[in-house]
Amino acid sequence: MVFERIYRLVERIPRGKVASYGQIARMLGQPHGARTVGWALRALPDGTTVPWHRVLNSQGRISAPWGPAAVALQRALLEEEGVVFDDTGRVDLTRFGWAGPEEE
DNA sequence: CGTATGACGAGCC
DNA sequence: AGGCTCGCCATAC
């Protein structure tokens, strides 16, 4: 299942770092599979151990159609890990962006 | 098996 | 800069 691959990769994202959907898709060898990544994370159960909050869109923004409350939660979780959001609610991917498993 | 959908992304207006 | 459309991939029906 593609989900498993995605989950395992997301679980490798270190604290204080974030990755984009498209980035993860490329790491899995699917340059255009960003939507699939979102699909996988969407299917995640509530009590999951996967740090889904460290996954943002290509602009370093939080995408959450489940409501503004969830967005605030994700943002709070990240800020607690040291990730900084600017005034427009964006994360500096050049600073907090995860380069991949190789970085570890 | 064909169609529709979605935590996306890049391009166009 | 902001919003809309089209393209891509895997899954659900």
Side-chain angles (χ1 to χ4, degrees):
Chain A
M1 212 59 127
V2 184
F3 285 16
E4 286 301 317
R5 278 162 59 91
I6 294 175
Y7 295 157
R8 264 193 294 247
L9 192 54
V10 174
E11 285 177 330
R12 286 200 180 97
I13 302 177
R15 238 186 94 113
K17 294 270 181 137
V18 298
S20 73
Y21 299 94
Q23 195 181 350
I24 291 178
R26 282 193 293 274
M27 288 179 193
L28 294 176
Q30 297 180 150
H32 301 289
R35 308 198 69 165
T36 306
V37 176
W39 190 267
L41 295 184
R42 188 183 78 120
L44 234 51
D46 285 343
T48 182
T49 58
V50 180
W52 53 269
H53 55 275
R54 300 199 187 124
V55 185
L56 312 172
N57 62 24
S58 67
Q59 298 173 50
R61 279 180 179 288
I62 297 175
S63 306
W66 344 297
V71 178
L73 168 64
Q74 181 167 7
R75 174 167 172 163
L77 287 171
L78 290 175
E79 290 182 323
E80 220 167 299
E81 297 183 350
V83 178
V84 179
F85 286 78
D86 63 15
D87 300 326
T88 61
R90 249 179 11 191
V91 174
D92 183 354
L93 293 178
T94 64
R95 272 181 34 186
F96 303 106
W98 183 45
E102 0 173 312
E103 183 180 283
E104 304 175 47

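Protein chains get the first letters and strands the later ones, always in sequence-line order, with residue 1 at the start of each.
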Short side-chain N/O contact to B:dG9 OP1/OP2 from A:Gln59, under 4.0 Å: no
For the side chain of A:Arg26 and the base of B:dG9, is some donor closer than 3.5 Å to an acceptor across the two? no
Taken to the nearest whole Å, CG/A:Asn57 to P/C:dG2 is 14 Å
Distance-only donor-acceptor test, A:Arg35 side-chain atoms vs B:dG6 base atoms, 3.5 Å: yes
Rounded off to whole Å, could you give me the CD1-to-C1' distance for the A:Ile62 and B:dC8 pair? 15 Å
Rounded off to whole Å, could you give me the CG-to-P distance for the A:Leu28 and C:dC9 pair? 14 Å
Interatomic distance, A:His32 NE2 vs B:dG11 P [rounded to whole Å]: 11 Å
note: A:Gln23, atom CD; B:dC8, atom C1'; distance rounded to Å ~ 13 Å
Quick one: does A:Leu28's side chain get under 4.5 Å of A:Thr36's, heavy atoms only? no
Measure the distance from CD on A:Gln30 to P on C:dT11 and round it to the nearest whole Å. 9 Å
For the side chain of A:Thr36, starting at C-beta, report the closest nucleotide among C:dA10, B:dC8, B:dG9. C:dA10
Would one find a side-chain N or O of A:Ser63 under 4.0 angstrom from OP1 or OP2 of B:dC8? yes
Would you say A:Tyr7's side chain and A:Thr49's backbone share a donor-acceptor pair under 3.5 angstrom? no
Tell me, please, which residues at least two apart from A:Glu80 pass salt bridge (Lys or Arg N to Asp or Glu O under 4.0 Å). none
Across all chains, not counting sequence neighbours, the salt bridge (Lys or Arg N to Asp or Glu O under 4.0 Å) partners of A:Arg35 are none
Atom pair distance, as rounded to whole Å: CZ in A:Arg42 and P in B:dG6: 7 Å
Close side-chain approach of A:Val18 and A:Leu93, heavy atoms under 4.5 Å: yes
When A:Arg61 and A:Val2 are each assigned the nearest nucleotide of DNA chain C, the 5'-most assignment goes to A:Arg61
Want to settle it: does A:Trp39 or A:Ala34 sit nearer the 5' end of DNA chain C, counting the closest nucleotide to each? A:Ala34
